[in-house]
A.B. asks: 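The structure's right below; bear with me while I get my questions together.
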Amino acid sequence: MTQAGPETPAGAQDIVFDHVVKTYPNATVPAVDDLSLTVPAGEICVLLGPSGSGKTTALMMVNRLAEITGGDIRIGGRSILDLDPIRLRRSIGYVIQQTGLFPHLTIAENVATVPKVLGWDKKRLRERVGELLELVGLPAGEYGRRYPAQLSGGQRQRVGIARALAADPPVMLMDEPFGALDPITREHVQDEFLALHARIRKTVIFVSHDIDEAVKMGDRIAIFREGGKLAQYDTPRTLLKEPADAFVARFVGADRGLKRLTLTRLADLADAGALTPARDADAALPQLAADASLRSALSLMVAEGTDAVRVTEPRGPADGSDGTGPVLGVASLDAVRKAGAA
């Protein structure tokens, strides 16, 4: 995404599920059963679990697309049951897998949908659309008059995110938003969204079926088991290091030790003084930028048949460089292993 000036968002608000139950008519068991958890303001919570475990139902109850059977959900301390459902939905950003863009509207018109319904004046509307399209790397002058069919899947997903942010909501709901993208585009859009979220800090509930995506995207992960019961709610690091039971351990996978390596960057080793000074003899080692994960470092060592990598200061195209900077030091296999076990 292109860099724009910092946005001044509406204050993020926490979301509290308080003994929430959802039972559909004629169902023998609840879709969601006694769910209690708090998503702190400004964090991303990923809902994860097998098909039919209630994660999408839990998300849909937040904007009352599925009505609560029992318990309560509060946003910023206020019960959603005290709010008109239509007004509630207009105050919450919503992103789905296929973006849900209106094919007969231009990109600018799609982004403007909710603010227009809210009665924003034309000047404010035009400025907001331009700001958001710039923020997601699709400048209005180039993309605003195009139609969804004229964009790639990744670009349409960015427009979906811009539309969800249009009215500056404190909360965003994302239902497998990147699931339809190819792996390369998906990783790129994930990175773009995380960079965007670091700037605007909305409270996000994000449904996924992919543990790797959950570990990458989530500040916290809620794992559901069949029957709509919460199995564990923790940070990714705690979840991978201390699964609550055998079900959670099986769900996150036997390679959870490798997954934990994605949570630490080579820069963390540099900050901890765990890199060794680079010598002339190390010039033949493969190298990675300091913003790469320990998992990427381990993978490169295995691929190249080495027991260490050189770590460089990350640089980007804006620096006029090839993407790498000065060498910070050498990360050994032993240093990676120790950091991953911490």
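Below, all heavy atoms of this structure are taken into account, side chains as well, without hydrogens, waters or symmetry copies. Along the sequence shown, the residues carry numbers beginning at 1.
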A.B. asks: Listing request: all side chain to side chain donor-acceptor pair (under 3.5 Å) pairs with a residue in residues 300-310, at least two apart in sequence or in separate chains.
C.D. replies: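 Found Q287-R310.
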A.B. asks: Over all heavy atoms of both residues, which pair between V330 and A308 is shortest? Give the atoms and the distance, please.
C.D. replies: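 Looking at all heavy atoms of both residues, the closest pair is CG1-CB, 3.7 Å.
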A.B. asks: Without placing hydrogens or testing angles, list every side-chain donor-acceptor pair under 3.5 Å for residues 114-123, not counting sequence neighbours.
C.D. replies:
from : atom 1 : to   : atom 2 : distance (Å)
D121 : OD1    : K123 : N      : 3.1
D121 : OD1    : R124 : N      : 2.8
K123 : NZ     : E127 : OE2    : 2.6

A.B. asks: Apply side chain to side chain contact (heavy atoms under 4.5 Å, CB included) to residues L151 and L101 and explain how you reach the verdict.
C.D. replies: CA-CA 11 Å; L151 302 185; L101 299 180; 5.7 Å; no
A.B. asks: Is there a donor-acceptor pair under 3.5 Å between the side chain of T203 and the backbone N or O of D14?
C.D. replies: no
A.B. asks: Do I80 and I68 come within less than 4.5 Å of each other through their side chains, counting heavy atoms only?
C.D. replies: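 They are in side-chain contact.
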A.B. asks: Applying side-chain contact (heavy atoms from CB on, under 4.5 Å), name anything that partners N26, two or more places apart in sequence or on another chain.
C.D. replies: none
A.B. asks: Taking all non-hydrogen atoms of both residues, which atom of D219 and which atom of P236 are closest, and how far apart?
C.D. replies: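 Nearest pair, atom of D219 first, then P236: O-CD, 3.3 Å.
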A.B. asks: For the atom pair CD (Q157) and CD1 (I96), what is the distance rounded to the nearest 0.5 Å?
C.D. replies: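 These two atoms lie 9.0 Å from each other.
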A.B. asks: For residues 59-75, pull every pair meeting salt bridge (charged side-chain N to carboxylate O under 4.0 Å, His left out), keeping only residues two or more places apart or in separate chains.
C.D. replies: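 Matches after skipping sequence neighbours: D18-R74, R64-E67, D72-R74.
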A.B. asks: Taking all atoms of both residues into account, what is the closest heavy-atom pair of P148 and P103, and its distance?
C.D. replies: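 That would be CD-O, 3.9 Å.
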A.B. asks: So which pairs with a foot in residues 212-267 pass ring-ring contact (aromatic ring centres under 6.0 Å, His included), sequence neighbours left out?
C.D. replies: none
A.B. asks: Can you check whether R256 reaches P243 side chain to side chain, under 4.5 Å on heavy atoms?
C.D. replies: yes
A.B. asks: Keeping to residues at least two apart or across chains, list the ring-ring contact (aromatic ring centres under 6.0 Å, His included) pairs with something in residues 13-70.
C.D. replies: none
A.B. asks: Would the distance check show the side chain of T264 and the main-chain N or O of L294 forming a donor-acceptor pair, the cut-off being under 3.5 Å?
C.D. replies: no
A.B. asks: Quick check: does any side chain N or O of D84 sit under 3.5 Å from a backbone N or O of R87, one acting as donor and the other as acceptor?
C.D. replies: yes
A.B. asks: What salt bridge (charged side-chain N to carboxylate O under 4.0 Å, His left out) pairs are there with at least one residue in residues 234-254, not counting sequence neighbours?
C.D. replies: R225-D245
A.B. asks: Could you grab the distance from atom CG of N63 to atom CD1 of I86, nearest 0.5 Å is fine?
C.D. replies: 10.0 Å
A.B. asks: Any side-chain heavy-atom pair from L133 and V111 closer than 4.5 angstrom?
C.D. replies: yes
A.B. asks: When you check the gap from the basic side-chain N to the acidic O, do R265 and D268 get nearer than 4.0 Å?
C.D. replies: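 Salt bridge: no.
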A.B. asks: Can you name the nearest heavy-atom pair linking D82 to R78, along with the distance?
C.D. replies: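 In this case the closest contact between D82 and R78 is O-NH2, 4.1 Å.
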A.B. asks: For F178, which residues count as a ring pair (Phe, Tyr, Trp, His ring centres under 6.0 Å) partner, sequence neighbours excluded?
C.D. replies: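 Scan of F178 (ring pair (Phe, Tyr, Trp, His ring centres under 6.0 Å), adjacent residues dropped) gives F206.
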A.B. asks: Any salt bridge (charged side-chain N to carboxylate O under 4.0 Å, His left out) pairs touching residues 138-153, not counting sequence neighbours?
C.D. replies: E142-R146
A.B. asks: Hey, does V252 have a side-chain heavy atom less than 4.5 Å from the side chain of V215?
C.D. replies: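 No. Closest side-chain heavy atoms not under 4.5 Å.
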A.B. asks: Starting at CE of M174, measure out to NZ of K202 and round the result to the nearest 0.5 Å.
C.D. replies: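 M174 CE to K202 NZ: 13.0 Å, rounded to 0.5 Å.
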A.B. asks: Only one of R201, R128, R90 passes salt bridge (Lys or Arg N to Asp or Glu O under 4.0 Å) with D168; say which it is.
C.D. replies: R128
A.B. asks: May I have the step-by-step check of side chain to side chain donor-acceptor pair (under 3.5 Å) for S296 and S299, ending in yes or no?
C.D. replies: CA-CA 5 Å; S296 295; S299 178; over 6 Å; no
A.B. asks: Between E187 and I184, is there a donor-acceptor pair closer than 3.5 Å when you use the side chain of the first and the backbone of the second?
C.D. replies: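 Pair absent, no side-chain N/O of E187 close to backbone of I184.
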A.B. asks: So, does R260 use its side chain to make a donor-acceptor pair with the main chain of G340 at under 3.5 Å?
C.D. replies: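 It does hold such a pair.
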A.B. asks: Quick one: side chain to side chain donor-acceptor pair (under 3.5 Å) partners of R126, sequence neighbours excluded?
C.D. replies: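 For R126, no residue satisfies side chain to side chain donor-acceptor pair (under 3.5 Å) once neighbours in sequence are set aside.
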A.B. asks: Quick one: closest heavy-atom pair of P286 and L300, and the distance?
C.D. replies: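 Heavy atoms of P286 and L300 come nearest at CB-CD2, 3.6 Å.
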A.B. asks: Please give me the minimum heavy-atom distance between A231 and V248, naming the atom from each residue.
C.D. replies: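 Of all heavy-atom pairs spanning A231 and V248, the closest is CB-CG2, 3.8 Å.
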A.B. asks: Between D334 and K338, is there a salt bridge with N-O shorter than 4.0 Å?
C.D. replies: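 Yes, K338 and D334 are salt-bridged.
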A.B. asks: To the nearest 0.5 Å, what is the distance between CG on L194 and CZ on R199?
C.D. replies: 13.5 Å
A.B. asks: With rounding to the nearest 0.5 angstrom, report the CD to CZ distance, E192 to R158.
C.D. replies: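 Between atom CD of E192 and atom CZ of R158 there are 4.0 Å.
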A.B. asks: Could you check whether any side-chain heavy atom of R89 comes within less than 4.5 Å of a side-chain heavy atom of L65, counting everything from C-beta outward?
C.D. replies: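 Yes, close enough: below the 4.5 Å cut-off.
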A.B. asks: For D282 and R279, indicate whether the former's side chain and the latter's backbone hold a donor-acceptor pair under 3.5 Å.
C.D. replies: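 Yes; at least one donor-acceptor contact below 3.5 Å.
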A.B. asks: I'd like to check V336 versus M301 (side-chain heavy atoms, cut-off strictly below 4.5 Å). Are they in contact?
C.D. replies: yes
A.B. asks: So, do I200 and L165 sit near enough that their side-chain heavy atoms are less than 4.5 Å apart?
C.D. replies: yes
A.B. asks: Cut-off 3.5 Å, no hydrogens considered: what does the side-chain donor-acceptor table look like for residues 42-53, sequence neighbours left out?
C.D. replies:
from : atom 1 : to   : atom 2 : distance (Å)
E43  : OE1    : R220 : NE     : 2.6
S53  : OG     : P50  : O      : 2.7

A.B. asks: Are side-chain heavy atoms of L285 and V309 found at a separation under 4.5 Å?
C.D. replies: no
A.B. asks: In Å and rounded to the nearest 0.5 Å, what is the NZ to CG distance from K259 to D212?
C.D. replies: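 Here the interatomic distance stands at 5.0 Å.
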A.B. asks: So which pairs with a foot in residues 283-293 pass salt bridge (charged side-chain N to carboxylate O under 4.0 Å, His left out), sequence neighbours left out?
C.D. replies: none
